[in-house]
Student: 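This is the structure I want to talk about, given as structure tokens.
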Amino acid sequence: MPELPEVETIRRDLERRIVGKKIKAVEVRDKKVISFSSVILSEAKDPFSFGSFLRGQKFAKIERRGKLLAFLVAGEKYLLVHLKMTGQLIYKEKGVRNKEKMIAGGHKISEYDLQVPNKFTRAIFIFADKSQLFFNDMRRFGYMKIVDKKEKERIWREDFGIEPLTKDFKFQDFARLFKNRKTNIKALLLNQKLISGIGNIYADEACFCAGLLPWRKVASLKSIEIKKLFQCISQVLRVAIKNRGTSFSDFVDATGGQGGHYNFLKVYERAGNKCRRCGSIINKIRHAGRGTHYCPECRK
DNA sequence: GTGTTTGTTATCAA
DNA sequence: CTTGATAACAAACA
């Protein structure tokens, strides 16, 4: 599951590799993952394909909001890319076998990740220098969508809450989310309209870091606990980015390599193992329909 | 055949 | 109107 650290890792990987390169061709293997905003469609004089829209253009920069990527193209249009659960963006230079980079690490990575294209490749971008970008998605939840600047900015403004790791991530704004709300900590952290980019892995990790049980009602938190959680979110996300994200099922970075954060996780996917802080056994329950990991002892 | 995995949205309830 | 809780979706794997 690519969350903020994984998507940011991909963004950085791709920015230095594909920005400025001319798009020579686009191969769409699965139309389900492609769409256009209605404004784009109404602007078009003639019906056009995804490929003909992007051909000859360049990605000028790559932005990220939460788990969503936006590739800027000419005419202030954006290609939005959401990887949802199993999406991948894998860049490959001509003649380079990504397979050779896929060494060690080993956490249940599918054999299909070892080579591109594969049967889950939904679209391929071919650049003028013969390098290629593969959009893979086993489950087909992910999407690529062309939108105009206005729509992109509306999404940036309305669909996402506070962006962690930016100057807009201020304690006062974060603490305000806890007022007059009947929900629990984990549901709040997973709500993209309140705070962007946190998914199941880092929600559990942030709660553990703060010594808080994920199902606690947010209204019951003392100011000092909210402060701790606020600091933990930044810390947990920063370290995960530094380690290039967590790979345990499908995530690979933009070169097809695994993230290095798996072995640093404190609770996620560690049920039955000893807590790295206190030595008791990490537990896992189902909360709000999601696997939720916690240490029964490490909490204030 | 069954249960499990989760990001997001749809739907219904309060 | 807002908010919250839950189901549904997708597809592969153990």
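Sequence lines set the chain letters: A, B, ... in the order given, protein chains first and strands last, and positions in each chain run from 1.
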Student: May I have the distance from Phe178(A) (atom CZ) to dT3(C) (atom C1'), rounded to whole angstrom?
Tutor: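 Those two atoms, CZ and C1', are 16 Å apart.
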Student: For the residue pair Trp156(A) and Phe160(A), categorise the inter-ring angle as parallel (less than 30°), tilted (30 to 60°) or perpendicular (more than 60°).
Tutor: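 Rings of Trp156(A) and Phe160(A): perpendicular, over 60°.
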Student: Students often get this wrong, so: under 4.0 angstrom with heavy atoms, is Lys32(A) touching a base, only sugar-phosphate, or nothing?
Tutor: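 Since no nucleic acid heavy atom lies under 4.0 Å of Lys32(A), the category is nothing.
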Student: Nearest-Å distance, CE (Met138(A)) to P (dC13(C))?
Tutor: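 One finds 7 Å between P of dC13(C) and CE of Met138(A), rounded.
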Student: Mind calculating the distance between CE (Met85(A)) and P (dT9(B)) to the nearest angstrom?
Tutor: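 For the pair Met85(A) CE and dT9(B) P, the rounded distance is 15 Å.
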Student: Please work out if Arg290(A) contacts a base, only the sugar-phosphate, or nothing of the nucleic acid, heavy-atom cut-off 4.0 Å.
Tutor: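 Arg290(A): base contact, heavy atoms under 4.0 Å.
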Student: Take atom NE2 of His287(A) and atom P of dT6(B), then tell me their distance rounded to the nearest Å.
Tutor: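 After rounding, the reported distance stands at 14 Å.
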Student: Can you tell me how far apart CD1 (Ile198(A)) and CD (Glu205(A)) are? Round to the nearest 0.5 Å.
Tutor: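 Between atom CD1 of Ile198(A) and atom CD of Glu205(A) there are 12.0 Å.
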Student: Which one, dA11(C), dG7(B), dG4(C), comes nearest to the side chain of Arg140(A)?
Tutor: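 When the side chain of Arg140(A) is considered, dA11(C) is the closest of dA11(C), dG7(B), dG4(C).
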Student: Is Arg139(A) near enough to dC9(C) that one of its side-chain N or O atoms lies under 4.0 angstrom from OP1 or OP2?
Tutor: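 The answer is no; no side-chain N or O of Arg139(A) sits under 4.0 Å from OP1 or OP2.
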Student: Touch check for Tyr143(A), heavy atoms < 4.0 angstrom, all strands: base, sugar-phosphate only, or nothing?
Tutor: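 Nothing: the residue Tyr143(A), judged by heavy atoms under 4.0 Å, touches no strand.
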Student: Less than 6.0 angstrom from the centroid, inside 45 degrees of the normal: does Arg270(A) satisfy that with respect to the ring of Phe208(A)?
Tutor: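 Ring-cation test returns no.
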Student: Figure out the CG/C1' separation between Leu83(A) and dG7(B), and round it to whole Å.
Tutor: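 Computing the Leu83(A):CG to dG7(B):C1' distance gives 11 Å.
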Student: If you only use heavy atoms from C-beta on, which nucleotide in dA5(C), dG7(B), dA12(C) is closest to the side chain of Lys217(A)?
Tutor: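 Looking only at side-chain atoms, Lys217(A) lies closest to dA5(C).
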Student: Report which part of the nucleic acid Gly142(A) touches: base, sugar-phosphate, or nothing (heavy-atom distance under 4.0 Å, all strands).
Tutor: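 Since no nucleic acid heavy atom lies under 4.0 Å of Gly142(A), the category is nothing.
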Student: Please verify the inter-ring angle class for Phe36(A) with Phe53(A); under 30° counts as parallel, over 60° as perpendicular, anything in between as tilted.
Tutor: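 Perpendicular: the ring planes of Phe36(A) and Phe53(A) meet at over 60°.
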Student: dT3(C), OP1 or OP2 - any side-chain N/O from Thr183(A) closer than 4.0 Å?
Tutor: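 So the side chain of Thr183(A) is outside the cut-off, no N or O lying under 4.0 Å from OP1 or OP2 of dT3(C).
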Student: Tell me whether Lys152(A) forms a cation-pi arrangement with Tyr78(A), defined as NZ or CZ under 6.0 Å from the six-membered ring centre and within 45 degrees of its axis.
Tutor: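 Yes, a cation-pi geometry.
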Student: How many whole angstroms separate atom NZ of Lys182(A) from atom P of dA5(C)?
Tutor: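 After rounding, the reported distance stands at 10 Å.
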Student: Atom CZ of Arg181(A) and atom C1' of dT3(C): how far apart are they, to the nearest Å?
Tutor: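 That distance rounds to 8 Å.
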Student: Please determine, for the side chain of Lys119(A), which listed nucleotide (dA5(C), dT6(B), dA12(C)) has the closest atom?
Tutor: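 The answer is dA12(C).
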Student: To the nearest 0.5 angstrom, please state how far the CD1 atom of Ile185(A) sits from the CG atom of Leu212(A).
Tutor: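 Taking CD1 in Ile185(A) and CG in Leu212(A), the distance rounds to 4.5 Å.
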Student: Parallel, tilted or perpendicular: which describes the rings of Phe230(A) and Phe174(A), with under 30° parallel and over 60° perpendicular?
Tutor: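 Aromatic pair Phe230(A)/Phe174(A) classed tilted.
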Student: Could you give the CE-to-C1' distance, from Met1(A) to dT6(B), as a whole number of Å?
Tutor: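 Taking atom C1' of dT6(B) as the reference, CE of Met1(A) is at 6 Å.
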Student: Taking DNA chain C as the partner, which of residues 185-196 of chain A come within under 4.0 angstrom of it by heavy atom?
Tutor: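 Within this stretch, nothing sits under 4.0 Å of the strand.
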